[in-house]
Peer 1: 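Take a look at the following structure, please.
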Amino acid sequence: MDFLNELNKSQLEAVTYNNGPSLVIAGAGSGKTRVLTYKIAYLLSQGMSPASILALTFTNKASREMRKRIGELVGYQYSSYLWMGTFHSIFSRILRNEAELIGFKKDFSIYDTSDSKSLIKSIIKELKLDDKVYRPGNIYNRISFAKNNLFTAQSYYENTDMLQADTRERVPRTREIFALYANRCKQANAMDFDDLLLMPNLLFRDNPEVLNKYQDIFGYILVDEYQDTNVSQYLIIRKLAEKHKRICVVGDDAQSIYSFRGANIDNILKFRQAYKNARLFKLEQNYRSTQNIVNAANSLIDKNSEQIRKTIFSEKEVGSLIKVNSVMTDFEEAFTVAESITQLKKEKNYSYKDFAVLYRTNSQSRVMEEALRKQNIPYKIYGGLSFYQRKEIKDMISYFRLVVNNDDEEALKRIINYPTRGIGKVTQEKLLNTARLYEVSAWDVLKDMLKFNLDVNAGTAKKLADFRDMIDTFSQQVSTLDAYELANSIVKASGIISDAMTDRSAESLSRFDNIQELLKAIHEFSEAKKKEEGVDMVSLPEFLSEISLLTDQDIDKDSHSEKVTLMTVHAAKGLEFKTVYIVGMEEQLFPSPYAESPRELEEERRLFYVAITRAEENCIISHAKSRFRNGQMNFANPSRFLKDIDEKYLDYTENKILSTHSNPFSQDWNKDVPIRRNRFRQKPFKSNTFQTSKQETPRKLIKIADNTDEKITVENEKYPVGTFVKHKMFGIGKVLETSITNGNEKAEIDFGEKGVKSLLLKFAKLEILE
DNA sequence: TGTGGATGCCTTTTT
DNA sequence: GGCATCCACA
C-alpha cells in the first residue's frame, strides 16, 4: 500500500477510518478526489470486493476519472467491477432490474427536461388552462421540486399545504397537472430525471426484501459532492446504509451552489445528526492556490452564517493580491481582460489554457467573445446548447427511443411527421385524443386503428400504418441487431439523412456532421463495451440508457487545447486555472437579483467563493458601471460581496489611477463617500438593507416574506428618490418613495396630472430619464 | 403545411 | 438585443 504515503495526515486519517459513518469536509483544492479514490483503493487492498462498493458522483466525468485513477492504483481487474457512477445512472440500472415491481417495463425511456416540459405543456392545453398563468417551465419546476422532496403525484394531490402554496402562487390546479403528468409518463413507460431518484425510494419502501438485497450488496457506500444532494438522494443513501452503516460522504458545504436544483445544504450540515457516532474529518490544506487567494476566499466565506467552520490554509507562496478593476462599461471590461491575458501570457510565459474568464450568466459571454476575437485570442465557450439538445440529434434519438419503447409518446410526437410524411397537426391531434379517450398509448391506437375508431380517411390511415410498420420492423430487430447496425438502418430508412442533406448550406452540412458524429459515438460505445465486458453484441437499448444520462459536460472539449476558457461560475466548479478573471462583479448581476432570501444570498456568496478558489496564482475581479443588458443600458454598483473580502488581500491600484480622471465612480467607492454626480443616478456603495453578512438584517427579510401588508421604506438603487421615469400609460413621473411591500419592490411615483401611483417595480416597465 | 411578422421573455442547470 | 413562440395568411 505504497500509495498511502502520498497522503497528508488528515487525508490519511480519512482514508483509513472505516469502522462507521464518516463525513469528510474537503475544502477547495484540498485533495478531495484523492481521498475518495485512495479510500476505495484502500478498501480494495483490505480485501473488500469491488462489486460491494457503491460510489456515487454527480457527473459521469467525475466517475469516469475516478474509476480510471483507482484502476491505475490497484488494477483495472478490480476497478471495473465497482458500482461507480452518477446517482442517476446507478439507480436507473437498479430500476431497470426491478422495473416490474413498480409497474414499468425494463426498457423504459428517460424523459429529459424538454420532453417533460413538452408533456406538461400539452396537459395544460388539454385542461384548457392559460399557459401564461400555468407556465410549463414553472409547473415543471414545482413538480420536480415536489418529487425531489419525495412527493408522489398522489401524495401531492392530497397534501393541503401544497394546495395552499399553489393557490398562493395562483396555480391551484398544479396537482391535477402533476397527476396527469405522472399517469402519462407511466403510460409512455417513461421516467423523468427526478423519477430516477424518487422511484428507488418507493421501490425500497414497498419492497423490504429488495431493500434488504441491495443493503447486502453494498457493503460500503461513498458519496462525492455530498453538499449537492437533495432530499430524495439523501433518503436513498440513508436507507441503503442503514443496515451496515458503512458510509463515507465527501463534500464542502462552502461550495454548495445547486439549491435551485433541489440540493439541500442541510444534508451535509446535519450529517452528524442523521448518522450517530459519525466521525468528522476536515481537509484544510489547500494545495491549489497561493496564500493570498486562500485568505481572501476565507474572509469572504466567513460572512456566511450557515457553515461548518474550518480553517483553510495554503503553504504555497504568498502570491499577488486579488486585483479589482473598476471600469465604465461591459465593453471596456471585456477589453481589459483581453489585454491582461495578452500581457500576462507574455510576462509569465503562460499558455492560453492557463486562463479562464468566469461570469454569473451565460449572456455575459458575448461581449467577452467579441473582445477576445478582436485581440486574436483563441477561446472555447462552455454552456449553451449541448450536442444532445440539437434538433437533429434529438430527432435521431427519438427514433431510437420509439423503436426501443413504442409507447414513448414524446419521441413519437417529435418524429411522426419528421421528415414530413403527410401526418399533419390535425391527424396527430386525432391520434392523441383517441389515445386519451381510451386511456391507451398512441402506439396502441396505431396498432389497431379500426378498433379505436380512429377518425381518419383511408389515405391518412395508410400513412399512419406505413409509419407504424417502419418503426415496428426496427423494433423487431432490437434484440438481434447490433446497436450500430440498427442505428444506421434507422437513419437511412427514416429519411433523416436525405432531409438533412437537402441543401448545401453550412447548417445543412453541420447537421449532417452531427448525425455522423452520433453514429460514430454509438460505434465507439459498443466497441468499448464489447471489449470491456467480453460480449459480442451491444444492443440499442444499452446505448440509449447510457446516452440519455449524458450531458455536455461529458464531452471532453479538448481540454489540452491552447485556448482560454469561458464559462459560468457554476460550470467551473471542480476546475482550476493559473489565472482566473471574474467579470461582472456588480449588484443586480452577482449576486443575482433573483436571490432574495438570506439563504439564497449566502448561496450567491458561496458561488463567488467557488469562483475565487478556482485560481491558482492570479485572480482578477472586475465590475462595470454600466452594462448592456436585455437591449438596454443598465447601471450598477460594485457587488456587495467585494466588501466581504478583507481589504488587505485586495489591490485597487488601477482603480485609483482612473479615479483622478474622468471616472466619477471609481473614487474609492469602497469607502462610504457619497458620489455627487447624478448623471447615472446611483447611490454610493454602502451596506444597504439587503446586506446579509450581519445578523440583524436577515431577520428583517424573513419578516418581510412572512408578514402581509408590511411596508419597509428602502432606497432603491435603480430608482433613487427624485429620479424621473417614463411609464407607457402614465407618462413622465418623479419617484417619491421606494419601498419593499410584502417582499415586493414598490415605488410611489408622481405622474403630475395622472396622479400619484404606487407601482410594483417587478411589473412596471419604467424607463429612466437621464 | 409552411412562413413571416408581431409579441413576449429573459439566472445559474452535475442528471 | 436575441430567441422562441404564436397567430394570421398564403
Side-chain angles (χ1 to χ4, degrees), chain A residues 56-64 85-92 110-117 121 125 131-132 135-138 140-141 144 147-148 191-198 224-225 227-230 232-233 255-263 330 358-364 366-367 382-386 388-389 391 417-428 545-554 567-575 584 588-596 600 603-604 606-608 610-611 627-634 762 765:
Chain A
L56 297 164
T57 64
F58 276 82
T59 63
N60 294 296
K61 198 172 151 205
S63 81
R64 216 171 31 230
T86 64
F87 274 91
H88 291 82
S89 72
I90 293 287
F91 290 108
S92 68
I110 296 172
Y111 277 179
D112 69 16
T113 310
S114 68
D115 294 318
S116 299
K117 282 182 186 166
K121 197 173 169 182
K125 214 169 161 187
D131 65 2
K132 296 279 177 324
R135 301 234 304 277
N138 177 34
Y140 171 76
N141 285 336
S144 168
K147 284 185 179 176
N148 287 158
M191 294 202 200
D192 66 17
F193 287 142
D194 303 313
D195 288 331
L196 297 179
L197 304 174
L198 170 66
D224 189 17
E225 307 276 15
Q227 76 281 355
D228 290 331
T229 50
N230 61 34
S232 198
Q233 290 161 324
Q255 295 186 64
S256 165
I257 55 173
Y258 281 104
S259 77
F260 67 93
R261 288 177 38 94
D330 50 348
L358 308 183
Y359 33 76
R360 178 68 244 267
T361 64
N362 277 312
S363 61
Q364 289 166 260
R366 256 179 48 101
V367 62
Y382 288 73
L385 208 57
S386 89
Y388 298 103
Q389 315 255 335
K391 189 190 170 302
N417 198 34
Y418 177 80
T420 322
R421 48 173 74 85
I423 304 174
K425 217 167 85 183
V426 178
T427 308
Q428 286 178 42
S545 62
E546 169 95 3
I547 204 177
S548 41
L549 294 172
L550 283 186
T551 61
D552 233 31
Q553 308 279 323
D554 299 314
M567 54 168 56
T568 62
V569 183
H570 280 94
K573 199 176 85 167
L575 305 179
Q588 304 300 308
L589 187 60
F590 202 164
S592 160
Y594 291 85
E596 287 169 336
E600 289 170 313
E603 176 150 319
E604 294 284 315
R606 291 194 294 270
L607 191 56
F608 187 29
V610 168
R627 175 176 301 277
F628 222 71
R629 260 213 292 178
N630 301 336
Q632 71 174 86
M633 194 70 96
N634 284 44
K762 197 162 51 176
K765 285 187 179 147

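Small disclaimer: the values here were computed from a predicted structure and weren't measured. Side-chain atoms are counted along with the backbone in the values below, which use heavy atoms only and exclude waters and symmetry mates. The sequence lines fix the lettering, A, B, ..., with proteins before strands; numbering per chain opens at 1.
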Peer 1: Is it the case that the base of B:dT15 and the side chain of A:Arg261 share a donor-acceptor contact (distance under 3.5 Å, atom types as modelled)?
Peer 2: yes
Peer 1: Output the single nucleotide from B:dT11, B:dT13, B:dT14 whose closest atom is nearest the side chain of A:Thr59.
Peer 2: B:dT14
Peer 1: Would you please confirm or rule out a distance under 4.0 Å between OP1 or OP2 of B:dC10 and any side-chain N or O of A:Ser363?
Peer 2: no
Peer 1: Could you check whether any side-chain N or O of A:Glu225 sits under 3.5 Å from a backbone N or O of A:Thr57, counting only pairs where one atom can act as donor and the other as acceptor?
Peer 2: no
Peer 1: Just call it for A:Thr568: base, sugar-phosphate, or nothing, with non-hydrogen atoms closer than 4.0 Å on any strand.
Peer 2: sugar-phosphate
Peer 1: How many Å lie between NZ on A:Lys117 and P on B:dC9, as a whole number?
Peer 2: 16 Å
Peer 1: Ignoring hydrogens and geometry, is there a side-chain-to-backbone donor-acceptor pair from A:Ser259 to A:Gly262 under 3.5 Å?
Peer 2: no
Peer 1: Apply ring-ring contact (aromatic ring centres under 6.0 Å, His included) to the pair A:Phe260 and A:His570, showing each step before the final yes or no.
Peer 2: CA-CA 12 Å; A:Phe260 67 93; A:His570 280 94; 5.5 Å; yes
Peer 1: I need a per-nucleotide contact map over nucleotides 1-10 of chain C, read 5' to 3'. Cutoff is protein heavy atoms under 4.0 Å; write B for the base, S for backbone only, - otherwise.
Peer 2: BS---S----
Peer 1: When you measure from the centre of the six-membered ring of A:Tyr418, is the NZ or CZ of A:Lys391 under 6.0 Å away and within 45° of the axis?
Peer 2: yes
Peer 1: Do A:Arg360 and B:dT12 share a donor-acceptor pair, side chain to base, under 3.5 Å?
Peer 2: yes
Peer 1: Just by modelled atom types, is the A:Ala263 backbone N or O under 3.5 Å from a matching donor or acceptor in the A:Asp228 side chain?
Peer 2: no
Peer 1: Mind checking if A:Ile423 touches a base, just sugar-phosphate, or nothing, with heavy atoms under 4.0 Å?
Peer 2: sugar-phosphate
Peer 1: Assess whether a salt bridge exists between A:Asp192 and A:Lys147, defined as any Lys/Arg side-chain N lying under 4.0 Å from an Asp/Glu carboxylate O.
Peer 2: yes
Peer 1: Assuming nearest nucleotide by heavy-atom distance, tell me which of A:Ser548 and A:Leu607 is located more 5' along DNA chain B.
Peer 2: A:Leu607
Peer 1: A:Tyr594 stacking on B:dT11: centroids under 5.5 Å, ring planes under 30°?
Peer 2: yes
Peer 1: Could you give the CZ-to-P distance, from A:Phe58 to B:dT15, as a whole number of Å?
Peer 2: 10 Å
Peer 1: So, A:Thr113 and A:Ser116: side-chain donor and acceptor under 3.5 Å apart, yes or no?
Peer 2: no
Peer 1: Could you state the CD-P distance from A:Glu603 to B:dT11, rounded to the nearest angstrom?
Peer 2: 17 Å
Peer 1: Would you check if the side chain of A:Glu604 reaches a backbone N or O of A:Phe590 as a donor-acceptor pair within less than 3.5 Å?
Peer 2: no
Peer 1: When we call it a touch if two heavy atoms are under 4.0 Å apart, what does A:Gly422 touch: a base, just sugar-phosphate, or nothing?
Peer 2: sugar-phosphate
Peer 1: Check whether any side-chain N or O of A:Asn60 sits under 4.0 Å from OP1 or OP2 of B:dT14, and answer yes or no.
Peer 2: no
Peer 1: For the pair A:Asn148 (side chain) and A:Asn230 (backbone), establish whether a donor and an acceptor sit closer than 3.5 Å, ignoring hydrogens and angles.
Peer 2: no
Peer 1: Nearest-Å distance, OH (A:Tyr359) to P (B:dT13)?
Peer 2: 9 Å
Peer 1: Mind checking if A:Arg421 touches a base, just sugar-phosphate, or nothing, with heavy atoms under 4.0 Å?
Peer 2: nothing
Peer 1: Report the distance from atom CG of A:Asp192 to atom P of B:dT15, rounded to the nearest whole Å.
Peer 2: 15 Å
Peer 1: Could you check how far CZ of A:Phe590 sits from C1' of B:dT11, rounded to whole Å?
Peer 2: 11 Å
Peer 1: Check this for me, if you would: do A:Lys117 and A:Asp112 make a salt bridge, where the nitrogen-to-carboxylate-oxygen distance has to be below 4.0 angstrom?
Peer 2: no
Peer 1: N/O contacts under 3.5 Å, protein versus nucleotides 2-5 of chain B?
Peer 2:
{"unit_1": "B:dG2", "atom_1": "OP1", "unit_2": "A:Thr420", "atom_2": "OG1", "d": "3.2"}

Peer 1: Once you round it to whole Å, what is the distance between P of B:dT13 and NE2 of A:His570?
Peer 2: 7 Å
Peer 1: Quick one: A:Leu589 CG to B:dC10 C1', roughly how many Å, whole number?
Peer 2: 13 Å
Peer 1: Using a cut-off of 4.0 Å on non-hydrogen atoms, how would the nucleic acid contact of A:Asp228 be classed: base, sugar-phosphate, or nothing?
Peer 2: base
Peer 1: Between the main-chain N or O of A:His88 and the side-chain N or O of A:Ser92, is there a donor-acceptor pair closer than 3.5 Å?
Peer 2: yes
Peer 1: Is A:Phe260 stacked on the base of B:dT12, with ring centres under 5.5 Å apart and planes under 30° apart?
Peer 2: yes
Peer 1: Using heavy-atom distances to pick each residue's nearest nucleotide on DNA chain B, tell me which of A:Thr86 and A:Thr361 is more 5'.
Peer 2: A:Thr361
Peer 1: Examine B:dT13: is either OP1 or OP2 under 4.0 Å from a nitrogen or oxygen in the side chain of A:Asn362? Give yes or no.
Peer 2: yes
